[in-house]
Structures are given as structure tokens and as C-alpha cells.
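These notes are about the structure you will find just below.
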Amino acid sequence: TVLTTTTTATTAFPPRPCDGSTNRASFPFCNISLSTNDRIVDLIGRISDDDIPHLLANGAKGITTLGLPSYQWWSEALHGIGLSPGVLFGGKAPAATSFPQVIHTGASFNKTLYGLIGSAVSDEGRAMNNIGRAGNTFWTPNINIVRDPRWGRAQETTGEDPYANGEYAINFVRGFQEGDDDRYLKSSATCKHFFDYNLEHWGNASRESYDANATLQDISDTYLPMFEACIRHGGASGLMCSYNAVNGIPSCTNRDSMTTLARESWGFDGYITSDCGAVEYVQTQHHFTNNTSETCKLVLDAGMDIDCGPYLKFHLPEALRSGAVTRAQVNKALFNLFKVQFRLGLFDPIQNQTYTKYNTSTHVNTAQHQQLALEAAQQGFVLLKNENNTLPLALSPKDNLALIGPNVEAFLVMQGNYYGIAPFLITPYQGFKEYLGDVVYPLKGCADVKCAGREHFEDAVALATDAARVVMVVGLDQSQEREGHDRDSISLPGYQTELVARVAQAASSPITVFVMTGGPVDLSPLKTNPNIGAIVWCGYPGQAGGKALADVAFGVVNPGGRLPYTIYPASFTSKVKMTDNHMRPNKTRNTPGRTYRFYTDEAVYPYGAGLSYTTFSYTIKNISTTKINQTQVDEYVVSATKQSIFYRDNQFEVTRVEVNVTNTGEVEGSDVVQVFMHNPAPAQDGSPIKSLFGFERVLLKPHESVLLQFPVSLHDLTLVGISGELESREGQWTVTVQHDNQCSLGIPVN
């Protein structure tokens with residue numbers, strides 16, 4: 001969806017169809033003693049054919065005779081309530097908490113944090129809905145994987161791993177939808193973009209017409225698992241079909257994925273919206289249909305319920321008149337839409353509901369939410385290099401600090417895309433100034449992030465020469481990566497790399513470089529430069545990002561984040577076309593594969609990389625002596641295939657590994673413990689090199705230890721074959737801990 005500031009929201013409490021002050025409250029659909037299904041059927045039976053097309057658009061028109069208010073289904077809340085047609089900032093809601101962009105939060109690998117952010121954003125959305133400043137159906141989260149480092153929307157997701165993205169989906173959605181009253185949804189979450197969506201505009205390819213040619217193997221173990229997690233385990237009440245086609249079938253016409261898989265196999269109980277304009281593009285971009293009535297028929301028959309856009313509103317009347325679309329088809333869509341509104345409490349008395357009492361003074365931009373945004377920002381920083389303890393910074397009272405780089409005074413940049421109006425934004429310069437006062441000197445060094453010229457380099461060199469310490473803040477912004485725009489190169493833009501090298505050479509001691517970016521950039525020139533002592537990665541860290549960045553630099557916060565994706569060398573883009581949708585390496589095409597699971601070349605920094613100001617040690621053991629035989633796995637494969645299970649969970653646990661983590665240093669620090677499964681023949685016949693199956697973030701004082709247990713399920717001991725179906729594999733499976741490859745444990749399957 002394209003971000004917009006257009007709005008249809010009002011400033012009064014939204015009207016409700018069953019308000020007791022009207023005679024409509026006597027309609028059966030307002031009778032709370034009836035079942036929800038009966039109430040919905042009664043409501044649909046009162047709707048004329050003429051009114052239907054207006055109800056199947058994102059800006060649904062009301063029906064006065066039934067007391068149905070108009071409703072805007074499209075509200076955004078990716079990392080805070082965002083500018084969108086259903087959201088109107090102002091009045092009692094001038095701003096909303098702006099949490100870090102999702103890729104930054106993903107680097108925390110903190111499942112508890114995911115849920116807390118989801119809950120906080122949803123609290124604010126519900127409170128704004130109660131005064132007509134937001135809808136209550138939010139199109140979040142984006143759970144597509146970062147398939148390619150050039151993707152402009154990598155910033156919106158938690159990274160490249162399907163399991164990690166699935167865990168984010170589960171925890172965020174539960175936090176978002178659940179709360180103080182289990183009779184109702186607090187707010188509705190929508191998982192997007194279903195499925196295999198990971199290209200905007202690259203070369204001659206456009207997301208509106210792109211056909212993602214995917215193998216069944218890649219679909220099953222890469223593109224579907226996080227959506228199953230979001231639906232089956234997270235309970236999402238919304239789903240968005242994507243612009244692209246998969247293997248020739250536009251996503252919004254794919255009955256196998258939306259109805260057979262999502263609804264019938266995974267138990268999806270909600271509504272499905274198109275991405276904005278996607279219904280029109282079925283005909284005009286994909287050329288999958290020949291006329292408007294056929295298009296209307298196909299999308300509704302496939303299981304889509306609402307069109308983000310005007311296509312159905314304009315063309316459904318003729319499709320109904322001609323018989324191409326039946327009333328039964330539209331009734332099914334209406335049922336799914338109304339059911340979500342019933343679950344949100346729209347048709348029940350206000351006085352009996354908890355969430356209708358949420359207000360902006362107690363639930364929006366609260367001190368607790370501001371603190372949560374700061375902690376989320378602090379937890380996402382990833383320390384990639386720290387030679388000779390360059391960090392944390394140690395300055396004497398009279399030392400000055402040069403703060404150089406195009407993002408040193410980043411403002412809106414801190415929010416990434418899909419942002420709302422933040423109550424405040426703390427830039428990196430402001431964060432450092434809070435510590436150092438007037439002895440920190442900022443200079444961008446480039447006119448902007450594009451860094452198209454060197455005209456300010458000499459000033460930057462002079463400033464670095466005179467400073468006691470130098471910190472640089474470089475990276476990307478929305479001019480380089482965003483919805484609708486992919487990158488061609490994954491190097492730092494323009495002359496940024498040269499600027500860093502010249503400043504580092506001029507400085508009196510090794511410098512620190514913070515790299516603020518959504519998608520990956522090649523950091524090899526910085527990694528190998530001896531004049532650069534420390535490199536810290538961050539995403540777009542939100543409203544408190546500048547303070548969090550300074551907290552990390554001065555050691556008030558010990559960085560504990562881990563890279564949420566692989567950082568490839570810049571040469572990757574010359575080896576792999578972005579339109580090559582394959583995950584696995586291919587000798588014929590001479591491609592090295594994608595993501596840590598399949599990439600066979602050497603990464604600049606691998607997935608999960610991250611250092612600390614302290615050190616940790618690990619031991620691992622199997623706490624079960626139960627032998628696992630291949631027959632058990634084979635039986636699971638049969639059962640999982642019948643249930644269309646693609647995502648691992650702990651329901652089929654067969655053993656458990658225990659990891660003892662000890663902080664062996666002298667300062668408190670957080671550690672992300674990631675455990676990976678290696679199959680008996682890694683990287684052979686399309687099998688992954690390794691796969692993440694568990695992670696936990698822990699905070700340990702010096703010399704403190706903690707025992708973590710990670711269940712191993714039968715699913716973890718399977719592979720996806722070429723046919724896209726699970727297979728068992730006899731032999732020695734091995735569990736490893738990310739930061740200590742010597743810390744491993746064998747699990748034989750015989």
C-alpha cells in the first residue's frame with residue numbers, strides 16, 4: 001500500500017449501528033442474546049444489491065436505513081499509528097508513539113518486546129478510534145522475508161528468516177489483538193503481503209505485474225511458514241493478498257492460497273483485503289482476465305473480501321446484473337467483513353465493553369510507551385566491530401567530539417517509512433549533545449544521504465583532525481529505499497565510503513561508525529579499514545533513536561542486538577538478478593543462493609552477528625535420553641502434510657536441548673542465544689546449510705548464568721523436498737549455538 005495523508009476520519013465518537021437511542025436497536029442483528037453468526041446473517045439479509053459494491057471497498061459507504069456507518073478499513077500501524085486514510089492526527093490525538101522501524105526491533109530478537117510493542121500500538125489505535133481519529137482495522141504487520149538485499153521494503157520486516165519472522169508475527173499480533181477483554185478484539189491486525197512479495201521496481205520489473213516464479217520447495221520452506229504462524233498461532237483477523245503473481249497466478253485470484261490453505265487448512269477466521277489497486281492490476285497489469293466482470297468473479301471466488309481501491313465499487317454492479325457474480329459470493333465476503341466488526345464490538349452496547357473506555361490521555365503517547373520506545377531502540381543496536389575496545393567512548397572533561405556524516409542530524413529519517421506524527425524526534429546530534437553539551441561538533445560532510453559530491457570533505461577532514469574522538473553516522477534514508485523503490489547497488493550511496501575513509505585517516509585515533517539503514521549495505525571497506533575501530537549497525541530507531549544511539553556509544557547501554565539479515569559483498573548484485581526468485585544456489589545460473597540458509601559465498605557479516613561490551617560462554621546438553629527413530633519422523637511427515645504444516649512449533653516435541661549461558665565479563669549485558677539445526681547433509685540437494693529453530697534474549701550481570709531450554713520438535717528433523725513436501729532424513733542432526741560453533745550437540749535419527 002502507498003502511504004498517504006488522505007483521511008476520512010472524523011473527530012466525534014464514531015456512530016454505531018445498534019445505539020440504544022435509535023429504533024434500529026430492535027433489529028435482530030443488534031440482539032446480543034443471538035449468536036454472532038445469526039446476527040450477521042440477519043444483517044446481510046437486509047442489505048440490497050445496490051448497497052453491496054460500496055461495502056466491498058476500503059472506504060465503505062454507510063447504509064442509513066440500517067444505521068451502518070461509513071467505515072475506513074485502511075489504517076496503518078507498522079511501528080506506531082501511521083498516516084493513512086483511516087487516521088487523522090489532531091485535536092486530542094496530535095501525535096502517537098513512534099517505535100523503531102521493524103527491522104531495528106527485529107534485531108533485538110526479543111519476543112516479549114514484540115508483544116509489548118504490538119499491545120502499545122494497539123492501545124493507541126483503539127483510543128484514537130474511540131474519538132474518530134482512527135479506524136480499528138490496521139494493516140500490520142509486514143512479515144515477508146528479506147529475500148534480496150536491494151528490496152526497498154526490507155526495513156518493514158524483521159529480516160530474512162521465516163521462523164524469526166513467524167515468531168514476530170505471533171507475538172506482535174497477539175499483543176495487538178488481545179487485551180483486557182477476551183470477548184472482543186482490541187484492534188484487528190492484518191498480515192501482509194500474501195505471498196512471496198519482495199520486489200518493488202527493479203529494472204523493467206514492477207510489483208504491479210511481477211510474476212514471482214518460485215519452486216515448490218522455496219514456497220514451502222521460505223514464503224509460507226510465517227503466514228501460517230501469523231494465522232494458525234497468532235490468530236490474525238486480517239490478511240492482505242499482494243500485488244504480484246506467483247507462478248502465473250495473481251495473488252488476489254489464488255483460491256488455493258487464500259481459501260484452501262489459509263481458511264480451510266490454517267483456520268483463518270477474518271477478512272482478506274487486496275493491496276491497494278491489486279484487483280485492477282489483475283486485469284490491466286497481469287492480463288489474467290479479459291473483462292471487469294470476470295475479474296470481480298475471480299477475486300471473490302478466490303476468497304478476497306474487500307478491494308482496497310474503487311474497482312469493485314465501479315464494476316461489481318454490472319457483474320451482479322449479468323450473473324457473473326452471485327449474491328452468494330458477495331454474501332460470503334460480507335459475512336467475513338462484518339464478523340471482524342462484530343468481534344471488535346461495533347454492534348454491541350458500548351457500556352459493556354472495556355476497550356471503548358480507552359482514551360487518548362491514558363493510552364496514547366504515555367510515559368510508559370515513550371519508555372518502551374526508548375528501550376526498543378536501545379535493544380536493536382548491533383555491534384559488529386570493536387577493535388581494542390574503541391567503544392564505549394571514554395572522554396575527559398575537556399575532550400571534544402566530531403560527529404560527522406549525512407545522518408548525524410537525521411530527523412524524519414529516524415522513523416523509516418509508514419510513520420505517523422511523533423511527539424518528538426531525537427536526532428543523533430541531540431543525543432550526543434545531551435552527554436557532551438557544547439563540545440560535540442556536527443557536520444554532515446555530504447549535502448545529503450545521496451552524497452553526490454565531495455565539496456564538504458575538506459571541512460570534515462579538518463574537523464576530524466582537531467577532534468579528540470570522531471563518531472560518524474552514515475547509511476540510507478527513504479530517498480534510497482522505500483515502497484515502490486528498490487536499490488541497484490548495496491554499497492553506501494555516492495561518496496559516503498570515501499568520506500568515511502578520509503575522515504578515519506585524518507582522525508588521531510580509530511573512529512566509530514554508526515550505519516543507519518533499512519536494507520543491508522556492504523560494510524567490507526569499513527570492516528577492513530584499520531582506522532575504523534568500531535562499527536555499529538542500526539535500523540531506523542524511532543522517536544528516541546538519537547538518545548539510544550548515544551547511550552550505546554557511551555556505554556550506558558551495552559548493545560545486544562544481532563543482525564537480522566546477511567550483509568553481502570557489493571558483488572552480490574552482479575551475480576544475482578533481483579527477478580531471480582530462487583533461494584537455493586544454482587550452478588547452471590552461477591548464483592550463490594540467498595540468506596544464511598542457502599548462501600554459499602562468504603558474507604561480510606553473517607546473519608545473527610553481533611558483539612557486546614562483555615563476553616559470554618556457552619555449554620549445551622541434551623536433557624532427554626529418548627532415542628528418535630525415523631518412523632516417528634515419517635509419521636509426523638504424513639500428519640503435517642495433511643494439515644499443511646510449514647511452520648515449526650513445540651507441539652511435536654521429541655527432545656529438548658539446554659544451553660547454559662554465562663556472562664564471563666565485568667559489565668552487565670544482553671545476549672541473544674540462537675540455536676540452529678544442521679541436517680545430516682547440509683547444502684546438498686537443496687537442503688539448507690542450517691536453520692534457526694529457537695532464540696531467546698537474556699540480560700545477565702557479570703558472572704551470572706542462566707539455563708535456557710529449547711524444545712526440538714519432529715518438524716525440526718525434517719526437510720522440504722523438491723516437490724514442496726516434508727521429508728524425513730536419517731542420520732546425524734546437529735544443534736549449534738550461533739556465537740560458538742564449538743558448542744554443538746548431535747541428535748541421531750535412526
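Everything quoted here is computed from the prediction, not taken from an experiment.
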| task | Could you give me the CA-CA distance, side-chain angles and deciding distance for Met258 and Phe268, then say whether side-chain contact (heavy atoms from CB on, under 4.5 Å) is met? | result | CA-CA 9 Å; Met258 291 192 291; Phe268 177 60; over 6 Å; no

Are Gln155 and Gln478 linked by a side-chain donor-acceptor pair shorter than 3.5 Å?
yes

| Asp218 and Asn581: CA distance, side-chain angles, deciding distance, side chain to side chain donor-acceptor pair (under 3.5 Å) verdict | CA-CA 9 Å; Asp218 286 343; Asn581 207 52; over 6 Å; no

The ring-ring contact (aromatic ring centres under 6.0 Å, His included) partners of Tyr568 (sequence neighbours excluded) come to Phe572, Tyr599

Quiz prompt | Any donor-acceptor N/O pair, Gln496 side chain to Gly475 backbone, under 3.5 Å | solution = yes

Correct closest heavy-atom pair for Pro585 and Thr600 would be CG-CG2, 3.9 Å

For this session: Would you kindly say whether Glu76 and Trp74 are connected by a side-chain donor-acceptor distance under 3.5 Å?
Result: yes

Does Ile722 CD1 have over 12 foreign heavy atoms under 6.0 Å away? no

Quick check: does any side chain N or O of Asn144 sit under 3.5 Å from a backbone N or O of His193, one acting as donor and the other as acceptor?
-> yes

For this session: Could you tell me whether the side chain of Glu200 and the main chain of Gly484 form a donor-acceptor pair under 3.5 Å?
Result: yes

Between Thr157 and Val146, is there a side-chain heavy-atom distance shorter than 4.5 Å? yes

Which of Cys241, Pro85, Ser274 passes side chain to side chain contact (heavy atoms under 4.5 Å, CB included) with Cys308? It is Ser274

**Asked** Within a strict 4.5 Å, meaning less than it, do heavy atoms of the Asn244 and Val246 side chains meet?
**Response** yes

Discussion item. Is there a side-chain contact (heavy atoms from CB on, under 4.5 Å) between Cys252 and Tyr243? Walk through the geometry before answering.
Written reply: CA-CA 8 Å; Cys252 293; Tyr243 289 119; over 6 Å; no

Q) Do Tyr114 and Ile170 have side chains that get closer than 4.5 Å, going by heavy atoms? A) no

Flag, side chain of Glu160 to backbone of Thr566, donor-acceptor distance under 3.5 Å:
yes

Side-chain (Ser265) to main-chain (Thr260) donor-acceptor, under 3.5 angstrom: yes

Test side chain to side chain contact (heavy atoms under 4.5 Å, CB included), reference Pro688, set Thr595, Val720, Leu719, output is Leu719

* Decide if the gap between the ring center of Phe195 and the ring center of Phe227 is smaller than 6.0 angstrom. => no

Exercise. Can you list the steps and then say if Val513 with Leu523 is a side-chain contact (heavy atoms from CB on, under 4.5 Å)?
Worked result: CA-CA 10 Å; Val513 182; Leu523 299 178; over 6 Å; no

The reported gap from SG in Cys451 to CG in Leu492 (rounded to nearest 0.5 angstrom) is 9.5 Å

- Message: Using the rule given for salt bridge (Lys or Arg N to Asp or Glu O under 4.0 Å), can you reason through Arg584 versus Asp221, listing the C-alpha separation, both sets of side-chain angles and the distance that settles it, and then say yes or no?
- Response: CA-CA 11 Å; Arg584 275 116 172 129; Asp221 73 0; 2.5 Å; yes

Steps toward salt bridge (Lys or Arg N to Asp or Glu O under 4.0 Å) verdict (Arg562, Asp161) | CA-CA 13 Å; Arg562 301 291 182 259; Asp161 183 75; over 6 Å; no

* Consider only side-chain N and O atoms of Tyr647 and Glu167, and report whether a donor and an acceptor are under 3.5 Å apart. => yes

- Query: Any sub-3.5 Å donor-acceptor pair from Thr517's side-chain atoms to Leu476's backbone N or O?
  - Reply: no

* Pair Ser491-Asp522, side-chain donor/acceptor within less than 3.5 Å -> no

Checklist line | Phe172/Thr140 under side-chain contact (heavy atoms from CB on, under 4.5 Å): CA gap, chis, key distance, verdict | finding: CA-CA 9 Å; Phe172 181 89; Thr140 184; 3.7 Å; yes

From the list Phe109, Phe676, Tyr168, ring-ring contact (aromatic ring centres under 6.0 Å, His included) with Phe695 holds only for Phe109

- Report, as yes or no, whether the 6.0 Å neighbourhood of atom CD on Glu602 holds more than 12 heavy atoms from other residues, nucleotides or ligands. no

With a 4.5 Å heavy-atom cut-off, do Leu383 and Val536 have their side chains touching?
yes

Exercise. Around atom NZ of Lys450, are there more than 12 heavy atoms of other residues, nucleotides or ligands at under 6.0 Å?
Worked result: no

Contacts of Phe381 meeting ring-ring contact (aromatic ring centres under 6.0 Å, His included) (sequence neighbours excluded), chain-then-number -> His104

Which class fits the ring pair Tyr596 and Tyr607: parallel under 30°, tilted 30 to 60°, perpendicular over 60°? parallel

Legend entry - Lys527 to Tyr605 six-membered ring, cation-pi geometry met (6.0 Å, 45°): yes

With side chain to side chain donor-acceptor pair (under 3.5 Å) as the criterion, how do Thr222 and Arg597 come out once you've worked through the C-alpha distance, each side chain's angles and the decisive distance to 0.1 Å? CA-CA 10 Å; Thr222 299; Arg597 293 185 303 140; 2.6 Å; yes

Short side-chain donor-acceptor distance under 3.5 Å, Asn417 and Gln101: yes

